[in-house]
Amino acid sequence: MATLQLQQVVKRFDNTTTLHGIDLDVADGEFVVFVGPSGCGKSTLLRVISGLEPASSGRVLIAGEDVSNRSAAERGCAMVFQSYALYPHMTVYDNMAFGLINSGVKKADVVRKVGEAARMLRLEELLQRKPTQLSGGQRQRVAIGRAIVRDPKLFLFDEPLSNLDAELRISMRAEIRDLHTRLGTTMVYVTHDQVEAMTMADKIVVLRAGKVEQIGAPLALYNRPANRFVAGFIGSPRMNFLPVAALGTALTQRLQLPVGADSVGIRPEHVVPDAAGAISLLITQIERMGSSSLVRGKIAHADAGPESGFEFVLNGQTELQERSLVSLDFPAAQLHCFDAQGLRMELAAQRHAA
């Protein structure tokens, strides 16, 4: 196991800078997830950590040692990619053993290590099969097993579940999280899926355009996003945003919005239908899922502008109908307020609660 430190890591490709001075501390045994939209630099950052890409400047420290100028093979990292990269002509056993044999590990130790990893990943009955005889989830477990047998200091995962169907992704998320609990090894995981980040991470690093937007525990980011980007990226369904002008004078005064407030955000699960509510929504679509209902519509207010699209979640089933109007209210304690630059502002009710 090992700590990981990034100190002002910059990565340039010709005249294009893709990572802008990244600083990060990962504790020993921590599960950290890099999340962000496509092109934000999360996979590039993972490759810099692994040594597959050199940093243009800055330092990478693993277990307190500066490995910035060391090759990938010398850093003690094991990487699992979204493409399984298994040898199709080899059995599962041979795929997992190949790296150990090439490193000169004794045969008895190879057998032991592969056997331990196979038991951990429920691959024992599949060791003599070829990759083409396996499901996508089984092939991904083989790729993870190939990493486990190396006893790495760090596990690095680059969107390993992207090629799996939705149901299998859910089960594999649980398996990887359980694997982390059993191994206790430091893991860094890259995904564009914020649900994966929320359900798997001890700590999330939100990236945008090669810069860190916020670092924190999943619920800390959910409850107190630092800016509108994080607020809109973390949470599913995504947060609703409204310009302050669309709230109306009465609601604005009741919420005690701070001076300079430009917009407010409210998560769909925190919206409250209320006949006396100050906001009116024209319902355009209802997704009825049995245990809950997702209601979509447009705010019937001239100042709502391009952000008039709005949605909220109700527990259970609803009598609401499409093409009807519903009045909505927002509990002040659940509201998020942002200035013209998109930075978080505290509401009076939230300051008092704190």
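Q8 and D23 share a side-chain donor-acceptor pair at under 3.5 Å.
Summarising the geometry, atom CG belonging to L328 is positioned 9.0 Å from atom CG belonging to D274; distances are rounded to the nearest 0.5 Å. Rounding to the nearest 0.5 angstrom, the gap separating the CE atom in M96 from the CD1 atom in I148 is 7.0 Å. To the nearest 0.5 angstrom, H192 atom NE2 is 11.0 Å from C40 atom SG. In this structure, CG on L257 lies 7.0 Å from CG on L335, to the nearest 0.5 angstrom. For the atom pair CG (L126) and OG (S135), the distance works out to 8.5 Å, reported to the nearest 0.5 Å. We find the CD-CG distance between E322 and L282 to be 10.5 Å, quoted to the nearest 0.5 Å.
Considering only heavy atoms from C-beta on, I144 comes within 4.5 Å of F157 through its side chain. For the pair V33/V190, no side-chain contact is recorded, criterion being any heavy-atom separation below 4.5 Å from C-beta on.
A salt bridge does not link R173 with E196: every distance from a Lys NZ or Arg NE/NH1/NH2 to an Asp or Glu carboxylate oxygen is 4.0 Å or more. We find that R238 and E311 are not joined by a salt bridge, their nearest charged nitrogen and carboxylate oxygen being 4.0 Å or further apart. Between R169 and D193 there is a salt bridge, since a side-chain N of the basic residue sits under 4.0 Å from a carboxylate O of the acidic one. Between D202 and R177 there is a salt bridge, with a side-chain nitrogen of the basic residue lying less than 4.0 Å from a carboxylate oxygen of the acidic one.
With hydrogens and angles ignored, the 3.5 Å screen pairs no side-chain donor or acceptor of T91 with any backbone N or O of Q128. Put simply, the side chain of D28 gets close to the backbone of A2: a donor and an acceptor are under 3.5 Å apart.
Taking a 6.0 Å sphere around CD of Q317, one finds it holds 12 or fewer heavy atoms contributed by other residues, nucleotides or ligands.
A single hydrophobic cluster is not seen to contain both L52 and F155; linkage of ILVMFWY side chains at heavy-atom distances under 4.5 Å, directly or through other members, places them apart. I215 and F31 fall into different hydrophobic clusters, where Ile, Leu, Val, Met, Phe, Trp and Tyr are joined by side-chain heavy atoms under 4.5 Å apart, directly or via other members. Each of V35 and I170 belongs to its own hydrophobic cluster when Ile, Leu, Val, Met, Phe, Trp and Tyr are linked at side-chain heavy-atom distances under 4.5 angstrom.
Residues satisfying the salt bridge (charged side-chain N to carboxylate O under 4.0 Å, His left out) criterion with D262, sequence neighbours excluded, are absent altogether.
Among the candidates K42, R344, R228, R208, the single residue satisfying the salt bridge (Lys or Arg N to Asp or Glu O under 4.0 Å) test with E213 is R208.
With ring centers used as reference points, Y87 lies under 6.0 Å from F98.
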